[in-house]
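Contents: one structure, followed by commentary.
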Amino acid sequence: MTDRTHNRPTAEWQRLDTAHHLHPFTDYKALAKKGSRIITRADGVYLWDSEGNKILDGMAGLWCVNLGYGRKELIEAGCRQLEQLPFYNNFFQTTHPPAVELSALLAEVTPKHLNHVFFTNSGSEANDTMVRMVRRYWDLMGKPWRHTIISRKNAYHGSTMAGASLGGMAPMHAQGGLPIPGIEHIEQPYWYMLGGGLSPDEFGRKAAGWLEDKINQIGPDNVAAFIGEPIQGAGGVIVPPETYWPEISRICKQYDILLVADEVICGFGRTGEWFGSDYYALEPDLMPMAKGMSSGYLPIGGVMVSDRVVDVLIDKGGEFFHGFTYSGHPAAAAVAAENIRVLRDEGIVDRVKKETAPYFQKRLREIGDHPLVDEIRGIGLLGGIELMGDKSRRRGFENDGDLGSRCRDYCFENGLVMRAVLDSMILSPPLVITKSEIDELMEKAGRCLDLTARDFGLS
Ligand code: PXG
């Protein structure tokens, strides 16, 4: 019989897990040897595992639990909706109050030219939806050959066929014959790895120029859209130089190419603005989003669509043959709407901007003095710590990761979740983190850097 109290010894969870559960992005043989860590409960910015260890969650789950764990308003909104109407769909000319309310709230908090949303259940589905919608737009505009979408290497846009194709992760492309046709990649604006002797500003202009080169290579009239995360998350919190986005915006406008800002990580307050697009003053034509939309309490995502694109979809008419059973699921929509109300009514985004993000960034930069650290990156409550034993090797670390994985393991042992992307350590804590919790986070991070440096003879 199912154990509804979730009360089993760790070893038993691990045995069942190995026997029956295929985890995402996991080497199954390696995990079977080690056994999973079992997270059993959470509150605020803390997690507890099945051994009773308390862990500070420096990643907000997976960049998503923006309001922190245990918010009663969200839990109650979900429960109320499950009682009243646990499911109905948005197909066949029907809808329900939570989907409508959430649509209106999203139109309120997103940039002003974005007034319509297409609901999905995840960021990957949002990006698949975006690809179909962008191509449909150009079909309706009488230019079906305008088909190619340009993305960037080391981008992450999800794990579905289109999401993984848009992403620029070579190991993902190597599995399953990706990318799908009509997707091209340019280099990323990663000054630390690719900037050479250029200043960040010079490099930002050069990196944007790679888009123009690619457009001319494909032929401007064949390019449908350009997609980018305002700040690359899973790629290692890569903050582009200040000159990058203005130049990208200019190029998209000049060649009449749709601009897609993937806000799955940057959205809903992460940068101290509501969206990364607000931070960089971007005017995206489409904006895929997910994660922080419901603070991860229930799965929901969507694509915000600009008036320019919506007008064509409506005016030129015809059915858009696309949708998911759970597009705008009532309980997920009710939780997301409550999440947005709490973010708005408690002024949480503003508090991130004025108080916690400046403090987090200041404390993060103090870690920059550590002998193991070469570069600190970050905006809002996003942080990246580039580890390096020898600063002269700035360009050569792409395939390493030993320092990063050792440091990540020390973090877990010492009660902190910090993610490693090769040799970059990544932070993205809940937006409700307090200054004293930031102090605790940084002290733990510093201790784990010390332990890692000692192991590699770098202290
Ligand atoms: N776009 C971006 C920018 C993302 O970061 C997705 C789309 C896909 O969302 P879904 O909901 O389909 O996962 C993401 C997801 C990591 C990690 O290890 C990052 C993501 C997902 C899983 C792991 O950093 N980002």
Side-chain angles (χ1 to χ4, degrees), residues 23-27 57-66 119-131 149 151-169 171-172 178 183 188-189 225-240 260-268 270-271 275-277 279-280 282 284 286-304 324 326-327 329 332 336 377 379-385 401 404-405 408 411-412 417-429:
H23 295 218
F25 281 88
T26 293
D27 174 336
D57 186 1
M59 281 304 295
L62 210 46
W63 322 79
C64 54
V65 188
N66 287 8
F119 287 120
T120 68
N121 306 289
S122 68
S124 300
E125 285 179 8
N127 278 317
D128 276 49
T129 299
M130 177 282 289
V131 171
I149 298 172
S151 180
R152 303 178 300 180
K153 294 185 183 165
N154 198 35
Y156 189 78
H157 297 297
S159 258
T160 47
M161 295 295 272
S165 297
L166 290 167
M169 305 290 185
M172 290 177 77
L178 302 178
I183 292 177
Q188 56 183 325
F226 171 74
I227 180 170
E229 303 153 77
I231 296 163
Q232 285 155 261
V237 180
I238 293 157
V239 179
V260 182
D262 182 338
E263 295 274 3
V264 169
I265 282 180
C266 292
F268 301 97
R270 181 58 53 201
T271 63
F275 292 90
S277 294
Y279 186 90
Y280 287 113
L282 297 178
L286 296 105
M287 212 169 84
M289 57 199 178
K291 292 194 190 275
M293 189 168 160
S294 64
S295 283
Y297 279 47
L298 284 177
I300 189 164
V303 186
M304 289 305 297
F324 306 102
Y326 300 128
S327 284
H329 186 281
R377 300 185 285 269
I379 276 171
L381 286 177
L382 279 171
I385 306 168
S405 47
R408 182 206 50 214
C411 289
F412 257 118
V417 176
M418 181 154 68
R419 173 159 159 30
V421 176
L422 293 177
D423 289 314
S424 291
M425 302 311 296
I426 303 303
L427 288 166
S428 169

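As a basis for the values below, the full set of heavy atoms in this structure was taken, side chains included, without hydrogen atoms, waters or symmetry mates. As the structure is a prediction and not an experimental result, all values here were calculated from the model. Order of listing sets the numbers, starting from 1, for every ligand and every atom in it.
Near R419, the atoms of ligand 1 lying under 4.0 angstrom from a non-hydrogen atom of the residue are 16 (C), 18 (O), 24 (O). For ligand 1 and I265, the ligand atoms under 4.0 Å from any heavy atom of the residue are 5 (O). Close contacts of ligand 1 with D262, meaning ligand atoms under 4.0 Å from a residue heavy atom, involve 1 (N), 2 (C), 3 (C), 7 (C). The contact set between ligand 1 and L62, taken as ligand atoms under 4.0 Å from a residue heavy atom, comprises 22 (C), 23 (C). Close contacts between ligand 1 and N127 involve ligand atoms 1 (N), 7 (C) [criterion: under 4.0 Å to a heavy atom]. Short contacts between ligand 1 and S124, defined as distances under 4.0 Å to a heavy atom of the residue, involve ligand atoms 8 (C), 9 (O), 10 (P), 12 (O). Set against the non-hydrogen atoms of E229, the atoms of ligand 1 under 4.0 Å away are 3 (C). Close contacts between ligand 1 and S122 involve ligand atoms 11 (O), 12 (O) [criterion: under 4.0 Å to a heavy atom].
Any N or O atom pair closer than 3.5 Å counts here, and W63 shares at least one such pair with ligand 1.
Contact annotation: for V421 versus ligand 1, there are no heavy atoms closer than 4.0 Å. No part of E125 comes within 4.0 Å of ligand 1, judged by heavy-atom distances. No part of I426 comes within 4.0 Å of ligand 1, judged by heavy-atom distances.
Closest approach of T120 and G302 over heavy atoms only: OG1-N, 3.2 Å. Of all the heavy atoms in V264 and K291, the pair that sits closest is O-CB, 3.4 Å. Closest approach of A162 to I183, counting heavy atoms only: O-CD1, 4.4 Å.
To the nearest 0.5 Å, atoms CE (M289) and OG (S277) are separated by 11.0 Å. Put simply, CD1 on I265 and CG on L62 are 7.5 Å apart, with the number rounded to the nearest 0.5 Å. A distance of 13.0 Å separates CE of M293 from SG of C64, quoted to the nearest 0.5 Å.
At the shortest separation from atom 2 (C) of ligand 1 among protein heavy atoms lies Y156 O, 3.3 Å.
Each of K153, Q232, E229 was compared with Q188 under the side chain to side chain donor-acceptor pair (under 3.5 Å) criterion, and only Q232 meets it.
Ligand 1 is approached by K291 to a heavy-atom distance shorter than 4.0 Å.
A distance-only check finds no donor-acceptor pair linking the side chain of N66 to the backbone of S295 [under 3.5 Å].
Under a cut-off of 6.0 angstrom, the local environment of OH in Y326 is sparse, with at most 12 non-hydrogen atoms contributed by other residues, nucleotides or ligands. Atom CE of M161 has 12 or fewer heavy atoms from other residues, nucleotides or ligands within 6.0 Å.
Taking only non-hydrogen atoms, the option from A420, G233, G123, G61 nearest to atom 11 (O) of ligand 1 is G123.
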